[in-house]
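To find a chain, count down the sequence lines: A is the first, B the second, and so on, and within it residues start at 1. Side-chain atoms are counted along with the backbone in the values below, which use heavy atoms only and exclude waters and symmetry mates.
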Number of protein chains: 2
Amino acid sequence: MRNEHVKDVTIKDIAQHLGISHPTVSRALRDHPSIRAETRLAVKEAARQLGYIANSGARTLSRTRSELIGVIFPDVQNDFYSRTMSTLASMFLERGFKLVLATSEDSAETEFKHIQSLREARVAGVIIAPTANLKNESVELLRSIPTVQLLRSHPLLECSIIKLDERSGIATAMEHLIEKGHSRIGFIGGSGTLSTGVDRAAGYIDALQGHGIPLMRALLRQGPPRPHFGYQAMSDMLSMKAPPSAVVMASSELTLGGIEAIQERKISVPADLALIAYHDPAWFKLWGAGITCLRLPIEQMAAAAAMRLLNQILADAKSPMCAGSETLDADTPFASQLVVRGTT
Amino acid sequence: MRNEHVKDVTIKDIAQHLGISHPTVSRALRDHPSIRAETRLAVKEAARQLGYIANSGARTLSRTRSELIGVIFPDVQNDFYSRTMSTLASMFLERGFKLVLATSEDSAETEFKHIQSLREARVAGVIIAPTANLKNESVELLRSIPTVQLLRSHPLLECSIIKLDERSGIATAMEHLIEKGHSRIGFIGGSGTLSTGVDRAAGYIDALQGHGIPLMRALLRQGPPRPHFGYQAMSDMLSMKAPPSAVVMASSELTLGGIEAIQERKISVPADLALIAYHDPAWFKLWGAGITCLRLPIEQMAAAAAMRLLNQILADAKSPMCAGSETLDADTPFASQLVVRGTT
DNA sequence: CTGTTAGCGCCTTCAA
DNA sequence: TTGAAGGCGCTAACAG
């Protein structure tokens with residue numbers, strides 16, 4: 001223990017130690033071209049010996065922008081977000097950025113607080129999966145930070161979006177079920193206030209219409225994308241007089257709850273009920289004969305978001321006043337892939 | 001888009017706007033006691049109107065310590081760490097700290113890089129699950145930051161540890177299996193270079209000895225705590241001439257791989273093979289008739305780590321030179337709890 | 001209660 | 001190639 005509370009050594013200390021000026025030290029440390037190789041080496045050696053540790057706060061102060069990237073996700077327990085974090089972490093680390101993780105818990109208020117403190121930290125950029133009812137103040141703050149929306153998007157946020165083609169993903173799943181002869185198909189998805197909730201439900205409705213199957217209100221359930229709601233919705237559907245013969249669960253968290261309800265009632269899958277889930281966490285292939293699902297290109301999406309943000313940050317640094325580089329926003333949505341397994 | 005690159009409003013601007021001095025503004029903003037309520041309100045109002053956004057870097061500069069907490073975990077895909085993150089996030093947010101997440105990927109080198117940049121950011125504290133071969137430079141750097149080790153610990157790190165009683169946890173699991181009549185019990189755990197790997201294996205060995213069961217080398221497998229190794233080890237064991245009748249899998253990631261190997265060989269559980277896993281991610285209760293496991297008190301551990309760190313930070317702020325407050329390190333290990341389900 | 005003054009550590013002109 | 005001077009935004013010590 002005993003933290004040695006000696007004051008940190010600064011570039012001035014190094015300068016003094018070497019009998020030169022601090023600006024020279026500063027330049028040497030950053031490999032500034034106009035510095036003699038000799039002095040550069042001497043400086044670096046001295047820095048090492050004295051145990052110099054740069055002060056990123058001070059650097060930020062004189063530069064106006066830090067090397068921090070804020071990541072605002074609803075939570076990290078969700079497999080999608082935690083895997084995304086991994087990719088983002090490695091991509092940004094390589095480029096000298098650090099990630100600050102902020103979890104909104106789907107509360108617009110905590111989301112706002114986070115955005116505020118990220119703004120205070122002068123983060124270089126933000127990657128966000130916004131909450132449904134993003135506050136105006138949040139929008140306002142984000143206006144001054146290069147931002148990229150990932151997976152979810154919010155209408156008020158005028159920034160790049162890296163998204164999935166949710167509708168056609170669900171459409172594919174529906175095709176699959178319909179081909180298998182199902183027509184009483186249920187859908188359990190995220191709230192209609194979330195962009196993903198809306199889009200996935202739309203895909204479901206489209207598919208039904210496309211095949212002339214009437215939409216039954218009781219078979220379309222939307223709510224908070226958490227296990228609890230999945231359990232609830234599935235239980236409800238299973239207690240109907242005429243329950244569905246297949247169900248699409250539009251999120252892995254909902255699936256967790258949905259399956260619990262199914263097991264509780266000892267319903268056999270896929271004999272009595274076919275199932276398609278969204279996303280493909282590791283355990284899906286282990287459950288029974290495997291859960292049929294739509295696999296999302298997580299790594300690619302994360303990488304795309306990172307690159308997009310890096311570009312924006314760069315463009316921003318070059319021509320801070322210029323508002324023209326909107327060419328980046330060619331929002332080509334990513335496609336999910338149907339993985340057929342034992343539940344259908 | 002169009003980031004408005006107007007220079008940020010500072011306390012000086014507010015001061016000028018109000019015809020007072022910046023220190024007064026600074027104090028008012030921070031609710032300093034010796035400020036007239038009237039001026040405080042005026043300042044806050046002006047700040048709001050002018051769109052003032054504090055600069056945390058500048059604050060850190062004049063205070064020497066930021067409001068950032070570094071969290072260094074091997075990865076966040078692991079359910080244990082992602083759930084811990086959630087708890088830490090909310091605990092620290094409430095107290096005005098921000099979390100910087102750094103994933104080491106179990107590489108001592110990236111771990112070092114992260115520690116270095118956290119040190120450069122003058123983080124207020126660090127919570128870490130160290131890699132097996134933590135570098136000396138890392139130890140050196142951490143010496144000057146309040147640090148708490150969580151779950152894993154490293155001998156060179158002289159700081160608080162929040163840990164689990166790994167040995168007795170495994171012992172409980174072994175008791176359970178032995179009671180059920182098993183004596184050929186396999187163990188698949190993390191590498192012997194990890195503290196958790198060592199302790200859990202020790203628990204296994206202890207239990208065997210305690211019951212006069214000879215230790216068979218082939219039934220004790222340790223390696224990287226990832227699905228791939230779990231798969232490998234389980235496959236090996238199942239191909240033995242005399243395979244075990246029960247296996248303890250000492251991590252949820254290993255379990256993922258282990259179960260895959262089991263399913264591939266169509267071994268029936270628990271008839272042909274009993275199983276106990278470590279940790280209790282949500283899907284364990286859904287697999288078959290549920291996976292028997294040791295549930296870890298994640299939230300409590302995370303909360304304890306947070307409190308411990310906060311105390312250290314506080315103590316550190318009060319008496320920076322004093323080396324005496326080691327009383328905090330009463331390392332009472334947490335206990336895991338056996339959850340009996342269908343695999344035993 | 002409030003203003004003055006003086007840094008925190010670094011970077012960036014401008015000169016030399 | 002290097003040094004001198006000034007400022008980034010904020011807090012703190014000391015006056016008043």
Side-chain angles (χ1 to χ4, degrees), chain A residues 5-44 46-47 50-67 117 119-123 144 317 320, chain B residues 5-44 46-47 50-67 96 117 119-124 144 317 320:
Chain A
H5 266 271
V6 197
K7 248 183 34 188
D8 287 333
V9 339
T10 72
I11 53 172
K12 284 189 185 170
D13 297 326
I14 299 178
Q16 188 170 2
H17 179 82
L18 255 40
I20 59 179
S21 72
H22 28 128
T24 301
V25 174
S26 168
R27 290 189 271 248
L29 253 20
R30 286 175 298 141
D31 295 313
H32 188 101
S34 65
I35 281 287
R36 217 187 337 157
E38 196 177 332
T39 55
R40 175 157 43 77
L41 290 178
V43 168
K44 291 200 172 175
L50 301 180
Y52 169 74
I53 294 166
N55 185 322
S56 49
R59 184 181 307 130
T60 303
L61 191 54
S62 44
R63 296 229 263 224
T64 72
R65 204 96 287 180
S66 77
E67 67 288 330
S117 78
R119 183 69 182 73
E120 289 183 358
R122 300 299 186 266
V123 292
S144 58
Chain B
H5 267 271
V6 197
K7 247 181 35 187
D8 287 333
V9 175
T10 74
I11 54 171
K12 285 190 186 170
D13 297 327
I14 299 178
Q16 187 171 2
H17 179 82
L18 255 42
I20 58 179
S21 72
H22 29 127
T24 300
V25 174
S26 170
R27 290 188 273 249
L29 254 18
R30 285 175 298 141
D31 295 313
H32 188 100
S34 64
I35 280 285
R36 217 191 334 160
E38 195 178 332
T39 55
R40 176 158 42 77
L41 290 176
V43 167
K44 291 199 172 174
L50 301 180
Y52 169 73
I53 295 166
N55 184 323
S56 49
R59 182 180 307 132
T60 302
L61 191 54
S62 45
R63 296 230 263 221
T64 72
R65 205 95 289 179
S66 76
E67 67 289 332
S117 78
R119 182 70 182 71
E120 290 183 358
R122 300 298 186 269
V123 291
S144 57

So, is [X] close to the [N] phosphate, meaning a side-chain N or O under 4.0 Å from OP1 or OP2?
X        : N       : value
Ser62(B) : dT11(D) : no
Arg63(A) : dC8(D)  : no
Thr39(B) : dT2(C)  : yes
Thr24(A) : dG3(D)  : yes
Arg36(A) : dT2(D)  : yes
Arg30(A) : dT12(C) : yes

| query | Checking all strands, does Thr60(A) fall into the base, sugar-phosphate, or nothing category for heavy-atom contacts under 4.0 angstrom? | reply |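 Here Thr60(A) touches no strand at all.
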
| message | For a quick check of understanding: with a heavy-atom distance under 4.0 Å over all strands, which category does Leu61(A) fall into, base, sugar-phosphate or nothing? | response |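 Contact class for Leu61(A): base.
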
| task | Round to the nearest Å and state the distance from Arg65(A) atom CZ to dT12(C) atom P. | result |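 After rounding, the gap between these two atoms is 16 Å.
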
| message | Tell me the interatomic distance from Asn55(B), atom CG, to dC10(C), atom C1', rounded to whole angstroms. | response |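 My rounded result for the distance is 13 Å.
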
| Between the side chain of Arg59(B) and the main-chain N/O of Asn55(B), is any donor-acceptor distance below 3.5 Å? |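 Side chain of Arg59(B) to backbone of Asn55(B), a donor-acceptor pair under 3.5 Å: no, none is there.
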
| task | Spell out, as yes or no, whether a donor-acceptor pair under 3.5 Å connects the side chain of Ser66(A) to the backbone of Thr60(A). | result |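 No, the answer is negative, given that no donor and acceptor are paired below the 3.5 Å cut-off.
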
| said: Tell me whether the side-chain N or O atoms of Arg122(A) pair up with the base of dG9(D) as donor and acceptor below 3.5 Å, since no angle test is needed here. | reply: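 Answer no: no donor N or O sits under 3.5 Å from an acceptor.
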
| said: Check Asp13(B) with Lys7(B), please: is the shortest side-chain N to carboxylate O separation under 4.0 Å? | reply: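 Looking at Asp13(B) together with Lys7(B), the answer is no, because their closest N to O distance does not fall below 4.0 Å.
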
